[in-house]
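So that the names make sense, note that chain A is the first sequence line, chain B the second, and so on, each numbered from 1. Here the structure is a predicted model, which is why all the values come from computation and not from measurement.
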Protein chains: 2
Amino acid sequence: MKNNLEIYADVDNCPIRNVLDRIGDKWSMLVLLVLNESDVLRFNEIHKVIGSISQKMLSTTLKNLEADGLIEREVYPVIPPKVEYRLTARAESLIPHLLSLAEWAKDNFIPIKQSRERFGS
Amino acid sequence: MKNNLEIYADVDNCPIRNVLDRIGDKWSMLVLLVLNESDVLRFNEIHKVIGSISQKMLSTTLKNLEADGLIEREVYPVIPPKVEYRLTARAESLIPHLLSLAEWAKDNFIPIKQSRERFGS
DNA sequence: AGTATTACTTACTTTTGGGTAAGTGCTTGA
DNA sequence: TCAAGCACTTACCCAAAAGTAAGTAATACT
């Protein structure tokens, strides 16, 4: 059993930790879900839809997702610039898991908030 | 469609953001998976199994999970102290989603690492 | 000549997460 | 008398995450 668990401890070689570090950051999952609903979006469109994200964070989040092969960036060499973002097949295979997690979150949101209140600070 | 997405933007009222902020931290998911495999564990047992977690972080992680109603803390009034932790039914309903996410992570770990290398920086 | 548009970057600051090391309280056993 | 065991807490520190505001490049439109 311990062997079974040891894998989790090492950040670099643990797939779950490695992937969750990315997905679990402040904006990545949100951007993936947004792109999933809209098929294809430009930088400023994502920015407007999310609203509260800064340009800087959107830029680095998109870069990270692209590095992981979860989104594709298509640049049109025009002026003013035009860049389109869409999910890759890899991301599409991830989406169902995110959605099922999101559904659990929705179903359990109220009771969890109640638990937190009961627990106090 | 915009209405569909607006919900994600507000941290306090978005279930996904709210739950993922907790699950997505450095240790919570790991502790849940560890408890899932072992049924019931004491503080120092979890500490030993994970190995790399500090007592301080284990303590706050357990406190947060308890506040969310995901683990139960049972205190035996003996000396030296004895405290047992186990998953609640709520956590058990979450576990399958975490495991399916973990499986996706395992399946996609290699290609993702390759993507990252190809991408450079 | 000046403004708008688009997709960013850069410099700077603040906030948060998390690590380290030591301390606490109480009892049992050597 | 003193170390050991357990489940923590506390004080302090550091690095990374994230926010703010401004700047950039190139062209078209007025």
Side-chain angles (χ1 to χ4, degrees), chain A residues 8-12 14 17-18 20-31 34-35 38 40-67 71-86 119-121, chain B residues 8-12 14 17-18 20-31 34-35 38 40-67 71-86 119-121:
Chain A
Y8 298 127
D10 175 7
V11 191
D12 289 338
C14 171
R17 289 281 296 275
N18 221 283
L20 209 81
D21 274 5
R22 181 84 7 123
I23 299 307
D25 74 3
K26 193 166 180 188
W27 299 110
S28 293
M29 183 169 169
L30 181 50
V31 168
V34 163
L35 279 176
S38 301
V40 54
L41 286 176
R42 299 174 64 178
F43 186 91
N44 277 343
E45 288 174 334
I46 306 176
H47 188 241
K48 269 173 213 149
V49 168
I50 298 186
S52 49
I53 194 175
S54 68
Q55 284 185 318
K56 176 197 163 193
M57 284 315 295
L58 179 54
S59 165
T60 71
T61 301
L62 290 170
K63 215 172 287 172
N64 287 336
L65 291 173
E66 194 196 354
I71 61 175
E72 268 172 18
R73 207 176 97 100
E74 190 170 4
V75 182
Y76 297 84
V78 295
I79 282 169
K82 177 176 178 184
V83 181
E84 284 183 349
Y85 294 92
R86 73 185 72 232
F119 197 78
S121 170
Chain B
Y8 298 127
D10 175 8
V11 191
D12 290 337
C14 170
R17 290 281 296 275
N18 223 284
L20 209 80
D21 274 6
R22 180 91 358 132
I23 299 305
D25 74 4
K26 193 167 179 186
W27 300 109
S28 293
M29 182 169 169
L30 181 49
V31 168
V34 163
L35 279 175
S38 302
V40 56
L41 286 177
R42 298 175 65 176
F43 186 91
N44 276 343
E45 288 174 335
I46 306 176
H47 188 239
K48 269 172 214 148
V49 168
I50 298 188
S52 49
I53 193 172
S54 68
Q55 285 184 319
K56 176 197 163 192
M57 283 315 296
L58 178 55
S59 166
T60 71
T61 301
L62 290 169
K63 214 172 286 172
N64 287 336
L65 291 173
E66 193 195 356
I71 61 175
E72 268 172 20
R73 207 177 97 100
E74 191 171 2
V75 182
Y76 297 84
V78 295
I79 283 169
K82 176 176 177 183
V83 181
E84 284 182 349
Y85 294 92
R86 72 183 74 234
F119 197 77
S121 168

Any K63(A) side-chain nitrogen or oxygen under 4.0 Å from OP1 or OP2 of dC8(C): no
Between NE2 of H47(B) and C1' of dG18(C) the distance, given in whole Å, is 13 Å
When you check the phosphate oxygens OP1 and OP2 of dC8(C), does a side-chain N or O of R73(A) lie under 4.0 Å from one of them? yes
Euclidean distance, I50(A) CD1 relative to E45(A) CD, rounded to 0.5 Å: 12.5 Å
Rounded to the Å, how far apart are I50(A) CD1 and dG19(D) C1'? 15 Å
From CG of D25(B) across to C1' of dG19(C) the rounded distance in Å is 15 Å
Taking OP1 and OP2 of dA7(D), is either one under 4.0 Å from a side-chain nitrogen or oxygen of R42(B)? yes
Would you indicate what Y76(A) reaches in the nucleic acid, counting non-hydrogen atoms under 4.0 angstrom: base, sugar-phosphate, or nothing? nothing
Round to a whole Å and report the spacing from NZ of K26(B) to P of dA16(D). 11 Å
Please check if the side chain of T60(B) supplies one atom and the backbone of M57(B) the other of a donor-acceptor pair under 3.5 Å. yes
Summarise protein proximity over nucleotides 21-30 of chain C in one line of letters, 5' to 3': B for base, S for sugar-phosphate only, - for none, counting protein heavy atoms closer than 4.0 Å. -B--BBS---
Considering only dG19(C), dC8(D), dC6(D), which nucleotide approaches the side chain of N44(B) most closely? dC6(D)
What is the distance, to the nearest angstrom, from the CZ atom on F43(B) to the P atom on dG5(D)? 16 Å
Interatomic distance, L35(B) atom CG to L41(B) atom CG [nearest 0.5 angstrom]: 5.5 Å
If you define the side chain from C-beta out and look only at heavy atoms, does anything of K26(B) sit under 4.5 Å from R17(A)? yes
Quick one: OG1 on T61(A) to CZ on R22(A), what's the gap to the nearest 0.5 Å? 9.0 Å
Whole-Å distance, L62(B) CG to dC8(D) C1', equals 11 Å
Atom CE of M57(B) to atom P of dT9(D): distance rounded to whole Å? 13 Å
Quick one: which of V40(B), L65(B), L62(B) gives a side-chain contact (heavy atoms from CB on, under 4.5 Å) with Y85(B)? L62(B)
Using the C1' atoms of five pairs at each end, what's the angle between the two axes of the helix from dA1(C)-dT30(D) to dA30(C)-dT1(D), to 10 degrees? 30°
From CD1 of I53(B) across to C1' of dG19(C) the rounded distance in Å is 11 Å
Distance-minimising heavy-atom pair for Q55(A) and N44(A): NE2-OD1, 4.4 Å
Between F43(B) and L58(B) the two heavy atoms that sit nearest each other are O-CD2, 3.6 Å
Compare side-chain N and O positions of S59(B) against OP1 and OP2 of dC8(D) and report whether any pair is under 4.0 Å apart. no
Please report, to 0.1 Å, the donor-acceptor pairs under 3.5 Å made by any side chain of residues 74-83 of chain A, with sequence neighbours excluded.
from, atom 1, to, atom 2, distance (Å)
Y76(A), OH, E84(A), OE1, 3.0

